[in-house]
Amino acid sequence: MKIKSVILENFRAYRTRTQIEFKDFNVIVGKNDIGKSTVLEAIDIFINDKKAVSSYEKADLNVNGGNDCKISLVFSDLPEELIVDAAATTTLASEYLLREDGFLEIRKTFGATGVKLIDVYANHPSIENGNDLLKLKIAELRARAEELNIPEDNYNGTRSSSIREAIWNSFGDELNLQANFITIFKTSDKTQNPAKEIWTQILNYFPVYSLFQSDRKNEEKDSEVQNPMNTVISSILKEQDLQESLNEIKTHVETASNAVARRTLDKLREMNPEIADSLTPRFSDPKWDSVFKFNLFSDNDIPLNKRGSGVRRLILLNFFRAEAERVRDSRNVPHVIYALEEPETSQHPNHQKMLIEAFKELALQPNNQIILTTHSPGIAKQIAPEKIIFLDKQDGNISIPDSNDEILRRIADELGVLPTIELEDVSKVKLAICLEGKNDINFLKGISRNIPELRDIINLEEEESIIFLPMGGSTLQFWVNSDYLAKLNLNQVHIYDSDIGSENPNKYSSYADIINAKGEGNVAFETNLREMENIYPPSLITHLYGVQIPEDIDWPTTDVPELVARHNHANSDSPKAWEDLDKENIKRKTGNIKNQLNNTHIDSVEMHHLVESNTRDEVIGWLNTINELK
């Protein structure tokens, strides 16, 4: 189960009903104390209940609200079936517990002391004798079926789900489905609510939700911060099998100690009965986590707890990730939600960038969801605008405005994300050519210089009225730079990789649509092939690197730099297989090939190679557009 949205009402700063939509990767931004951390903690309270990092208390009620508050989660990626009635299976859909759009919405209502009501908002039968079936016990369901003259052959009388299904089916198309709240748990109920069995089963499919809070940085006395490895010991010692073994050791030591104490007191009693009678053996429970010592040491034999706070926090953060995966595996549920407050805290800008790239990669895995909060422009500028959730306050109420140019401009201003474009003399510039990175710029310049037919259209290296801008990817920084260019009234041509065949294809499509929608003087292209490097045909790659390329390869979607890097690695002296290399090594080797194809070997590309890769007309189209707008 993944979170599609969270709805808060009368919870802390969220006085009025506020709904926040989530994707697989989400970054929440906004001013201090507006309620970013509240969102993460509300989800924690909902999913983890009493085990939440910040458990619910009466002070969580909005000061201007009533005597209760509500937290709702809307879930997607739902379980295909639930096991109820000992071994019988049912589904959320067949129990009419889903909204009309097929999502599961669960609302928890909290009072002064905690949860008092759990409802499901669903498209549920409203017809008489069919609208209360989830409240009926099995004997009552059988009586209802008999009252409605439903043949016993139509259901299994020992299974509530089977009887409910038979009753609902008996109404045909007259169930009168209506969106309503269906109560599945109420603390005031003196007897067991039959619907609670379904709720118990739903709980088994809840995602693992792990919250990493920013205020750990202020707790230097906390053993987790002093040495994150202390937490490793604590978590291992909580395992059930180990607890049983430790209890056996404790019992053995306690028994032996008491025996020694009794013998000692017996001997003391021979000499001084008064003192002996005043003494009582007492065995204290051992603090096992102080018995076992475990640490990480650097090459210079420096223990982790002597390293800087940034390093300790970085390791603690990755322990948090590993622990979340361990819990997921132990619970046998597929989904993990990583929630992190201000992951940039105490981190060098390079580490910040690496963290965000790691989280982006995590979010690409189908079973993961990432929710971050940040104040850092270094973090925010790396995030795609559609992944940013901006918390705003209007008339004292928190709102989440739809993303548009004005909102993105406010986000950039509040976080201090500035354009990275530097123009020495803007009066000479008429056209900005925007590509993802410097390699793409070098490639485009190279083929316009070296191929006569393209040079006749325009030689990009000789045009003073053109600037080339590496836009840095589909991020807020990309938007800030584009917005800056628009203010300069420059014509713009954007050319971006389609990335077809990758894990994230056509990531620039929405930006291309926005740029093309601006009208005259603004044109955006996505490559027909995966990347610029695919313009190299297989024959030229074989000639340059000796790679034997299968005839049936799908060249437009092939990762050409990785294909060559794999070949070179396989023919090197490395004892490791490509698959055994770490990600940084693979990235470095692939990056080296990318650099060669866009710089060293660009002079090898001729027009017949563009014909062979079926890109001749595409490239000519780019250059003709550039020539018209310069």
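The structure displayed is predicted, hence computed values, not measured ones.
Judged purely by distance below 3.5 Å, without hydrogens or angles, the side chains of E618 and T527 never pair a donor atom with an acceptor atom. Counted by atom type alone, D554 and T557 present one or more donor-acceptor pairs between their side chains at under 3.5 Å. Looking at N32 and H375, their side chains do bring a donor and an acceptor atom within 3.5 Å of each other. Side-chain contact check for Q394 and D392: at least one donor-acceptor pair (N or O, by modelled atom type) lies under 3.5 Å. Of the N and O atoms on the side chains of Y536 and E531, not one donor lies less than 3.5 Å from an acceptor on the other residue. Under 3.5 Å, the side chains of S376 and T374 contain no donor-acceptor pair of N or O atoms.
For F443 and H601, the gap between ring centers reaches or exceeds 6.0 Å.
In terms of heavy atoms, F390 sits closest to P401 at O-CD, 3.4 Å. Listed here is the closest heavy atom pair of F22 and S5: CD1-CA, 4.2 Å. Across all non-hydrogen atoms, the minimal contact from V29 to I388 is CG2-CG2, 3.7 Å. Here the closest heavy-atom approach between residue L469 and residue A432 is recorded as CD1-CB, 4.0 Å. Nearest heavy-atom pair across A339 and L40 is CB-CD2, 4.2 Å. When all heavy atoms of Y508 and D497 are compared, the closest pair comes out as CD1-O, 3.5 Å.
Annotation: the span from N442 atom CG to M532 atom CE amounts to 11.0 Å, rounded to 0.5 Å. Distance NE2/H335 to CG/N368: 8.5 Å, rounded to 0.5 Å. Considering CG of L362 and CD of E357, their distance stands at 12.0 Å, rounded to 0.5 Å. Here K31 contributes atom NZ and L415 contributes atom CG; the two are 11.5 Å apart, rounded to the nearest 0.5 Å. For the atom pair CD of E612 and CH2 of W555, the computed distance is 9.5 Å after rounding to the nearest 0.5 Å. In this structure, OH on Y511 lies 13.5 Å from CG on N506, to the nearest 0.5 angstrom.
Around the CD atom of E100, the shell of radius 6.0 Å holds no more than 12 heavy atoms that belong to other residues, nucleotides or ligands. Counted within 6.0 Å of CG on D33, heavy atoms from surrounding residues, nucleotides or ligands total 12 or fewer; the atom is thus considered open. Counting heavy-atom neighbours within 6.0 Å of H543 NE2, excluding the residue itself, gives a total of 12 or less. Atom NZ of K438 is surrounded by 12 or fewer heavy atoms from other residues, nucleotides or ligands within 6.0 Å.
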Next item on the list: Go through the steps to decide whether L104 and V74 satisfy the test side chain to side chain contact (heavy atoms under 4.5 Å, CB included), and finish with yes or no.
Entry: CA-CA 6 Å; L104 172 64; V74 181; over 6 Å; no
Next item on the list: With side chain to side chain contact (heavy atoms under 4.5 Å, CB included) as the test, would you mind laying out the steps for V6 and V39 before giving the verdict?
Entry: CA-CA 8 Å; V6 58; V39 176; 4.2 Å; yes
Note to self: With side chain to side chain contact (heavy atoms under 4.5 Å, CB included) as the criterion, how do F25 and L364 come out once you've worked through the C-alpha distance, each side chain's angles and the decisive distance to 0.1 Å?
What the structure shows: CA-CA 8 Å; F25 186 78; L364 290 176; over 6 Å; no
Margin query: Assess the residue pair K445 and E461 against the criterion (salt bridge (Lys or Arg N to Asp or Glu O under 4.0 Å)); give the C-alpha distance rounded to whole Å, side-chain angles, the decisive distance to 0.1 Å, and a yes or no.
Written below: CA-CA 6 Å; K445 284 184 175 180; E461 288 196 335; 5.7 Å; no
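Looking only at distances, no side-chain donor or acceptor of E463 sits under 3.5 Å from a matching main-chain atom of N459. A donor-acceptor contact shorter than 3.5 Å is absent between the side chain of N585 and the backbone of L581. Side-chain atoms of K393 do not come within 3.5 Å of backbone N or O of S399 as any donor-acceptor pair. In terms of modelled atom types and a separation under 3.5 Å, the side chain of S498 and the main chain of L529 share a donor-acceptor contact. Using a distance-only test at 3.5 Å, with no hydrogens or angles considered, no donor-acceptor pair links the side chain of T590 to the main chain of K587. With N599 contributing its side chain and N595 its backbone, the two residues share a donor-acceptor pair below 3.5 Å. Side-chain atoms of K2 come within 3.5 Å of backbone N or O of P366 as a donor-acceptor pair.
Using cut-offs of 30° and 60° on the angle between ring planes, the pair F75 and F46 is tilted.
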